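My structure is below; once you've seen it, I'll send some questions.
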Amino acid sequence: MKTMVYPGSFDPITLGHLDIIKRASKMADKLIVTVMYNPEKNCYFSVDERIEMIKKCTKNIKNVEVDCFSGLMVDYMKKVGATAAVRGLRAVTDFEYELQWATFNQMLDDEFEAVFLMANTEHSFLSSSIVREIGQLGGNIKKMVSPEIYDYVNDKLNKNGIKE
């Protein structure tokens, strides 16, 4: 069984993340979407909230599981028997970061493999930080997050809630 891991902070999960999940799920028998917990990173949503949002968005993708992990990616991959880590690329700046990330992980474990998927054009500039900023300023995030989590994310980001 081929298991792949898609790690990230998913703070919150966006339609761009969901597109990568759907495409990567076709490449593996099992895809584990892993919320990486980093106590030094200030996330807006808790780990439990992020896991719940991902589960709601992926409930109809049969081979997707959701988990969380704190530590080295290579250790997590060994623990779950994953053959590769999936990463999405939006722009050149993503490539530079992801190249460093993959190289670092290969130095730790020469069996480490990374699979890079290019972002769909409509999501190429979408990020969790953009969703948070627009939502906190009262903007409409409907085209940025899945309908399954839109109300929850919108209400949490924009305490007044936008009326359509």
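Just so it is clear, the model here is predicted, and its values are computed rather than measured. Atoms considered below: every heavy atom in the structure, side chains included; atoms not considered: hydrogens, waters and symmetry mates. Just so you know, residue 1 is the first one in the sequence shown, and it goes up from there.
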Review point. In Å, rounded to the nearest 0.5 Å, how long is the span from NE2 of His17 to CG of Asp11?
Key: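 Here the interatomic distance stands at 9.5 Å.
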Review point. Hey, what do you get for CD1 (Ile32) to OH (Tyr76), rounding to the nearest 0.5 Å?
Key: 4.5 Å
Point to revise | Shared hydrophobic cluster for Val5 and Leu18 (ILVMFWY, side-chain gaps under 4.5 Å) | key: no
Review point. Do the side-chain N and O atoms of Lys41 and Ser9 include a donor-acceptor pair separated by under 3.5 angstrom?
Key: yes
Check your understanding: Just how far is it from atom CD of Glu65 to atom NZ of Lys30, taken to the nearest 0.5 Å?
Key ->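 Result: 4.5 Å between the selected atoms.
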**Study point:** Exam field: side chain Tyr150 to backbone Lys143, donor-acceptor pair closer than 3.5 Å
**Key:**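 A pair under 3.5 Å: no.
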Point to revise | Side-chain (Arg50) to main-chain (Phe45) donor-acceptor, under 3.5 angstrom | key: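 Judged by distance alone, yes, a pair lies under 3.5 Å.
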Exercise for review: Say whether, by atom type as modelled, one donor and one acceptor occur between the side chain of Arg132 and the main chain of Leu157 under 3.5 angstrom.
Suggested key: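 It does not hold such a pair.
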Review point. Is any side-chain heavy atom of Leu89 less than 4.5 Å from a side-chain heavy atom of Leu117?
Key: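 Side-chain contact under 4.5 Å: no.
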**Study point:** Over all atoms of both residues, closest heavy-atom pair of Gly71 and Met36
**Key:**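 What the structure gives for the nearest pair is O-CE, 3.8 Å.
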Check your understanding: Applying the side chain to side chain contact (heavy atoms under 4.5 Å, CB included) test to Phe10, which of Val35, Val66, Val47 qualifies?
Key ->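 Running side chain to side chain contact (heavy atoms under 4.5 Å, CB included) over Val35, Val66, Val47 with Phe10 returns exactly one hit, Val35.
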Exercise for review: Could you note down all residue pairs passing salt bridge (charged side-chain N to carboxylate O under 4.0 Å, His left out) where residues 75-89 supplies at least one of them, sequence neighbours left out?
Suggested key: Lys78-Asp109, Arg87-Glu98
Review point. Does Phe112 have its ring centroid less than 6.0 Å away from the ring centroid of Trp101?
Key: yes
Point to revise | CG on Leu72 to CG on Asn105, rounded to 0.5 Å | key: 7.5 Å
Review point. Do the non-hydrogen side-chain atoms of Glu111 and Gln106 ever get within less than 4.5 Å of each other?
Key: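 The answer is no; the side chains never approach within 4.5 Å.
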Check your understanding: Met4, Phe116: one ILVMFWY side-chain cluster at the under-4.5 Å cut-off?
Key ->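 Not linked; separate clusters.
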**Study point:** Close side-chain approach of Thr14 to Ser127, heavy-atom, < 4.5 Å
**Key:** no
Review point. With a 4.5 Å heavy-atom cut-off, do Tyr37 and Cys68 have their side chains touching?
Key: no
Exercise for review: Over all heavy atoms of both residues, which pair between His123 and Asp19 is shortest? Give the atoms and the distance, please.
Suggested key: CD2-CB, 4.0 Å
**Study point:** Ile54 side, atom CD1; Glu148 side, atom CD - distance, nearest 0.5 Å
**Key:**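 So the CD1 of Ile54 and the CD of Glu148 are separated by 13.0 Å.
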Point to revise | pair Thr34-Tyr6: side-chain heavy atoms closer than 4.5 Å | key: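 Contact flag for Thr34/Tyr6 side chains = no.
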Practice item. Output the distance between atom SG (Cys43) and atom CG (Asn38), rounded to the nearest 0.5 Å. Key: 7.5 Å
Practice item. Would you kindly confirm whether Met118 and Val86 end up in one hydrophobic cluster when ILVMFWY residues are joined by side chain heavy atoms under 4.5 Å apart? Key: no
Check your understanding: Would a distance-only check, ignoring hydrogens and angles, find a side-chain to backbone donor-acceptor pair under 3.5 Å from Asn63 to Ala28?
Key -> yes
Exercise for review: State, with a plain yes or no, whether a side-chain heavy atom of Ile61 is found less than 4.5 Å away from one of Lys22.
Suggested key: yes
Check your understanding: If two hydrophobic side chains count as joined below 4.5 Å and joins carry through other members, does Met77 share a cluster with Val64?
Key ->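 Met77 and Val64: separate clusters.
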Check your understanding: Do you know the tightest heavy-atom contact between Val115 and Ala84?
Key ->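 Closest approach of Val115 to Ala84: CG2-CB, 3.9 Å.
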Check your understanding: For the side chain of Asp94 and the backbone of Arg90, is there at least one donor-acceptor N/O pair under 3.5 Å apart?
Key ->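 Indeed, once roles are kept as given, a pair shorter than 3.5 Å links the two residues.
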Exercise for review: Quick one: closest heavy-atom pair of Phe125 and Ile130, and the distance?
Suggested key: O-CG1, 4.2 Å
Check your understanding: Heavy atoms, side chains only, cut-off 4.5 Å: are Ile141 and Val153 in contact?
Key ->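 The answer is yes, as the side chains (C-beta and beyond) meet within the 4.5 Å cut-off.
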Review point. So do Ile134 and Met144 actually touch side chain to side chain, heavy atoms under 4.5 Å?
Key: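 Result yes, sub-4.5 Å side-chain heavy-atom pair found.
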Check your understanding: Any sub-3.5 Å donor-acceptor pair from Asp29's side-chain atoms to Thr3's backbone N or O?
Key -> no
**Study point:** Smallest separation among heavy atoms of Ser124 and Ala119, with atom names
**Key:** CA-CB, 4.1 Å
Practice item. Determine, using the 4.5 Å side-chain heavy-atom cutoff (strictly less than), whether Leu126 and Ile13 are members of one ILVMFWY cluster. Key: yes
Check your understanding: Going through the distances and angles, do Leu31 and Ile21 end up as a side chain to side chain contact (heavy atoms under 4.5 Å, CB included)?
Key -> CA-CA 8 Å; Leu31 176 67; Ile21 291 168; 4.0 Å; yes
Check your understanding: Do Tyr152 and Glu49 get their side chains close enough for a donor-acceptor pair, meaning under 3.5 Å?
Key -> yes
Point to revise | Donor-acceptor under 3.5 Å (Asn158 side chain, Gln136 main chain) | key: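 It does not hold such a pair.
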